[in-house]
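Sequence positions, counted from 1, serve as the residue numbers for this chain.
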Amino acid sequence: MVGKVFAGISGRTLVVSHDRTFLDNVAERILEMEGGCLHEFKGNYSKYLAQKEIQVLTDTRAYEAQQKYIETQEAYIRRFKAGIKSKMARGRQSQLDRLERLDAPVQNEEFELRLPKATESAERVLVLDKLKVGYGQNVLLDDINLLLKSGEKVAILGPNGSGKTTFLKTNFATDSCFRR
């Protein structure tokens, strides 16, 4: 249900979650931090996993092929460095010196993220004044007043069917049937 609320929000939303099903339902892009870079993948989480697997395989094969090439060239250079083919060996050494080396693919990297302190937001983050929540004649909550200030945190708790998702939908106006 929360995924439907996010899907109805216009604009950009950053979601951090460990729930793969939720990410499959709401994500349109996946941003991954790896190797000191931010990589973008289009699609939901399942598509990201498929794209990532192909990328890792491609990067690994390219790295291994380059390492094999370097090894072959270095063996040739060592073998013919001081012989009849020394000029060719020097040429190959020059090629190796100019070769842009691929980094080994990153696997299971750990990192520490340090973000600068966020700029101050508005003092009043959310103001609800006499809010009515429900569908048609079925009013779940009536006359709700709430002031949420910057830095405050709120949890929405209640049993299944008590109106938590409806409350969120009402506040983000994702459905024209909701009252405000």
> Quick one: does Ser86's side chain have a donor or acceptor within less than 3.5 Å of a partner on Ala82's backbone?
Replying inline: no
> Any chance CD of Glu40 has more than 12 other-residue heavy atoms, nucleotides or ligands included, within less than 6.0 Å?
Replying inline: yes
>> Is it the case that atom NZ in Lys52 sees more than 12 heavy atoms from other parts of the structure closer than 6.0 Å?
In response: yes
>> Whether Arg92 engages the ring of Tyr76 as a cation-pi pair (distance to the six-membered ring centre under 6.0 angstrom, angle to the ring normal within 45°) should be assessed.
In response: yes
>> Within the structure provided, determine whether His18 and Leu23 are in side-chain contact (heavy-atom separation under 4.5 Å).
In response: no
>> Tell me if a side-chain donor or acceptor on Gln73 pairs with a main-chain N or O of Leu96 at a distance below 3.5 Å.
In response: no
> So, for Asp143 and Lys130, which heavy atoms are closest and what is the spacing to 0.1 Å?
Replying inline: OD1-CG, 3.2 Å
> Less than 4.0 Å between a side-chain N and a carboxylate O, is that true for Lys42 and Glu28?
Replying inline: no
>> Could you check whether any side-chain heavy atom of Tyr48 comes within less than 4.5 Å of a side-chain heavy atom of Glu32, counting everything from C-beta outward?
In response: yes
> Going by heavy atoms in the side chains, are Glu53 and Leu49 under 4.5 Å from each other?
Replying inline: no
>> For the NE2 atom of His39 and the CD1 atom of Ile30, what is their distance to the nearest 0.5 Å?
In response: 14.0 Å
> Quick one: CD1 on Ile70 to CZ on Arg101, what's the gap to the nearest 0.5 Å?
Replying inline: 4.0 Å
> Which heavy atom in Ile77 sits nearest to a heavy atom in Ala89, and how many Å separate them?
Replying inline: CG1-O, 3.6 Å
> Quick one: do Leu148 and Ile144 end up in the same hydrophobic cluster if we chain Ile, Leu, Val, Met, Phe, Trp and Tyr together by side-chain heavy atoms under 4.5 Å apart?
Replying inline: yes
> For Ile54, does its backbone N or O pair with a side-chain atom of Thr58 as donor and acceptor, under 3.5 Å?
Replying inline: yes
> Between Ser94 and Arg98, does any side-chain donor sit less than 3.5 Å from a side-chain acceptor?
Replying inline: yes
>> Do Leu146 and Val127 have side chains that approach each other closer than 4.5 Å (heavy atoms only, starting at C-beta)?
In response: no
> Hey, what do you get for CG (Leu99) to OH (Tyr69), rounding to the nearest 0.5 Å?
Replying inline: 6.5 Å
>> Contact between Arg29 and Asn44 at the side-chain level, heavy atoms closer than 4.5 Å - yes or no?
In response: no
